Amino acid sequence: MARQIDINDIKPHAEVIGSDQQHVGKVDHAIGTDQIKLAKQDSAADNTHHAIPVEWVESINDGQVVLNKTAAEAQQQWRSI
């Protein structure tokens with residue numbers, strides 16, 4: 001069974017990386033209890049906010065949010081907001 005991620009452990013400005021250790025974005029803030037809003041002022045964001053579901057988070061290591069998808073998969077599937 002997968003470890004439950006507590007959204008309160010995901011801090012603003014934390015780097016989000018894919019399972020391939022590649023940069024996805026930086027956390028802006030949590031949306032409710034199940035979404036993470038990524039900062040639009042990031043090289044990967046194209047000056048647009050994106051949201052990813054917390055269920056994509058595999059772990060939080062040393063302040064980095066590690067996803068269970070590669071960076072490319074996350075960027076193809078994230079939702080622009």
Side-chain angles (χ1 to χ4, degrees):
M1 184 174 162
R3 183 174 79 85
Q4 183 71 19
I5 298 296
D6 184 343
I7 199 162
N8 296 313
D9 292 338
I10 300 172
K11 303 300 181 198
H13 312 294
E15 182 180 19
V16 179
I17 60 173
S19 59
D20 56 357
Q21 302 300 306
Q22 298 299 306
H23 180 80
V24 173
K26 293 220 180 256
V27 174
D28 191 275
H29 64 271
I31 303 172
T33 59
D34 63 349
Q35 297 277 307
I36 301 167
K37 182 178 182 180
L38 300 179
K40 67 179 184 177
Q41 296 87 3
D42 187 89
S43 59
D46 214 13
N47 208 33
T48 302
H49 284 292
H50 296 95
I52 60 173
V54 172
E55 68 188 29
W56 290 4
V57 177
E58 179 68 29
S59 63
I60 302 168
N61 298 325
D62 297 324
Q64 279 187 325
V65 177
V66 182
L67 303 181
N68 59 16
K69 297 181 175 293
T70 66
E73 288 171 334
Q75 291 168 344
Q76 288 170 352
Q77 298 174 27
W78 62 16
R79 182 172 58 92
S80 296
I81 55 174

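Predicted model only: the values in this text are computed from it and were never measured.
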Visitor: Got a list of side-chain donor-acceptor pairs under 3.5 Å for residues 25-36, not counting sequence neighbours?
Guide:
residue : atom : partner : partner atom : Å
Gln35   : OE1  : Arg79   : NH2          : 3.4

Visitor: So how far is it from Glu15 CD to Asp62 CG, rounded to the nearest 0.5 Å?
Guide: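 Output value for this atom pair is 12.0 Å.
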
Visitor: By ring-ring contact (aromatic ring centres under 6.0 Å, His included), which residues pair with Trp78, not counting sequence neighbours?
Guide: His50

Visitor: Which heavy-atom pair separates Asn68 from Glu55 by the least distance, and what is that distance?
Guide: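 Result for this residue pair: ND2-O, 3.3 Å.
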
Visitor: Check whether any side-chain heavy atom of Val66 sits under 4.5 Å from a side-chain heavy atom of Ile60, and report yes or no.
Guide: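 No, every pair of side-chain atoms sits at 4.5 Å or beyond.
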
Visitor: Specify the closest pair of heavy atoms between Gly63 and Ala14, including all atoms of both residues, with the distance to one decimal.
Guide: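 Heavy-atom minimum between the residues: O-CB, 3.1 Å.
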
Visitor: By side-chain contact (heavy atoms from CB on, under 4.5 Å), which residues pair with Lys40, not counting sequence neighbours?
Guide: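 Partners of Lys40 by the side-chain contact (heavy atoms from CB on, under 4.5 Å) criterion, ordered by chain and then number, come out as Asn47, His49.
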
Visitor: When clusters are formed by joining ILVMFWY residues with side-chain heavy atoms under 4.5 Å apart, either directly or through shared neighbours, do Ile5 and Val16 land in the same one?
Guide: yes

Visitor: Closer than 3.5 angstrom, by distance alone: can the side chain of Asp20 be matched with the main-chain N or O of Gln22 as a donor-acceptor pair?
Guide: yes

Visitor: Test of understanding: clusters of I, L, V, M, F, W, Y form through side-chain heavy atoms closer than 4.5 Å, transitively. Do Ile7 and Val24 belong to the same one?
Guide: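 Ile7 and Val24: one cluster.
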
Visitor: Can you list the steps and then say if Leu67 with Glu73 is a side-chain contact (heavy atoms from CB on, under 4.5 Å)?
Guide: CA-CA 10 Å; Leu67 303 181; Glu73 288 171 334; over 6 Å; no

Visitor: Can you tell me how far the CD1 atom of Ile17 sits from the OG atom of Ser59, to the nearest 0.5 Å?
Guide: 8.0 Å

Visitor: Could you give the distance from CG (Leu38) to CD (Gln41), rounded to the nearest 0.5 Å?
Guide: 11.5 Å

